[in-house]
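A short worksheet on the structure shown next.
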Amino acid sequence: MSSDTDLHLIFKNAAGKKVILKIENPKAGVTKAEIDAAMQAVVENNVFTSTGGDLVEAVEGYLRTTTTDKISA
């Protein structure tokens, strides 16, 4: 059995559409405050754009852990 954790950062772009940035293998023990600060920095510094324009609002961030059970060799 193995597990992988990804950090999903959800933003809203200028067109009002949801944009998800997925970060594989985030540092262990990342805090809500660190995630919030990073997301705010992305918006304030106009780091990324999307087909719907600039990212204009940080909506939420969450950790997603996936567990894989190997069944056959």
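Every heavy atom of this structure was used, including side-chain atoms; hydrogens, water molecules and symmetry mates were not.
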query = Does Leu21 belong to the same Ile/Leu/Val/Met/Phe/Trp/Tyr cluster as Val59, with side-chain heavy atoms less than 4.5 Å apart forming each link?
reply = no
message = For Asp54, give me all partners under salt bridge (charged side-chain N to carboxylate O under 4.0 Å, His left out), at least two apart in sequence or on another chain.
response = none
request  = Please round to the nearest 0.5 Å and tell me the distance separating atom CD of Gln40 and atom CD of Glu57.
outcome  = 9.5 Å
message = Going by salt bridge (Lys or Arg N to Asp or Glu O under 4.0 Å), name the pairs with one or both residues in residues 27-49, residues two or more places apart or in two chains.
response = Lys27-Glu34, Lys32-Asp36
inquiry  = Could you tell me if the side chain of Thr68 sits less than 4.5 Å from the side chain of Ser3, heavy atoms only?
reply    = no
query = Can you name the side-chain contact (heavy atoms from CB on, under 4.5 Å) partners of Asn45, sequence neighbours left out?
reply = Ala41, Val47
query = Does anything in residues 25-47 pair up under ring-ring contact (aromatic ring centres under 6.0 Å, His included), and if so which pairs, sequence neighbours excluded?
reply = none
inquiry  = Enumerate the ring-ring contact (aromatic ring centres under 6.0 Å, His included) contacts for residues 16-57, please, sequence neighbours excluded, ordered by first and then second residue.
reply    = none
ask   = When clusters are formed by joining ILVMFWY residues with side-chain heavy atoms under 4.5 Å apart, either directly or through shared neighbours, do Tyr62 and Val43 land in the same one?
value = no
key: Partners passing salt bridge (charged side-chain N to carboxylate O under 4.0 Å, His left out) against Glu60 (at least two apart in sequence or in another chain)   = none
Donor-acceptor contacts under 3.5 Å from residues 4-16 side chains, at least two apart:
{"from": "Thr5", "atom 1": "OG1", "to": "Thr65", "atom 2": "OG1", "distance (Å)": "3.0"}
{"from": "Asn13", "atom 1": "OD1", "to": "Ala15", "atom 2": "N", "distance (Å)": "3.0"}
{"from": "Asn13", "atom 1": "OD1", "to": "Gly16", "atom 2": "N", "distance (Å)": "3.1"}
{"from": "Asn13", "atom 1": "OD1", "to": "Lys17", "atom 2": "N", "distance (Å)": "2.9"}
{"from": "Asn13", "atom 1": "ND2", "to": "Ser50", "atom 2": "OG", "distance (Å)": "3.0"}

note = Residue pairs passing the salt bridge (Lys or Arg N to Asp or Glu O under 4.0 Å) test with at least one member in residues 63-73, sequence neighbours excluded, are none
query = Which ILVMFWY residues are connected to Ile71, directly or by a chain of links, through side-chain heavy atoms under 4.5 Å apart?
reply = none
request  = Looking only at non-hydrogen atoms, find the nearest pair between Gly61 and Met39 and report the distance.
outcome  = N-SD, 3.9 Å
inquiry  = Working note: Leu55 + Thr49, criterion side-chain contact (heavy atoms from CB on, under 4.5 Å); need CA distance, chi angles, decisive distance, verdict.
reply    = CA-CA 6 Å; Leu55 304 182; Thr49 190; over 6 Å; no
Where at least one partner belongs to residues 14-45, residue pairs that pass ring-ring contact (aromatic ring centres under 6.0 Å, His included), sequence neighbours excluded = none
task = Scan residues 19-40 for pairs that pass ring-ring contact (aromatic ring centres under 6.0 Å, His included), counting only residues two or more places apart or in two chains.
result = none
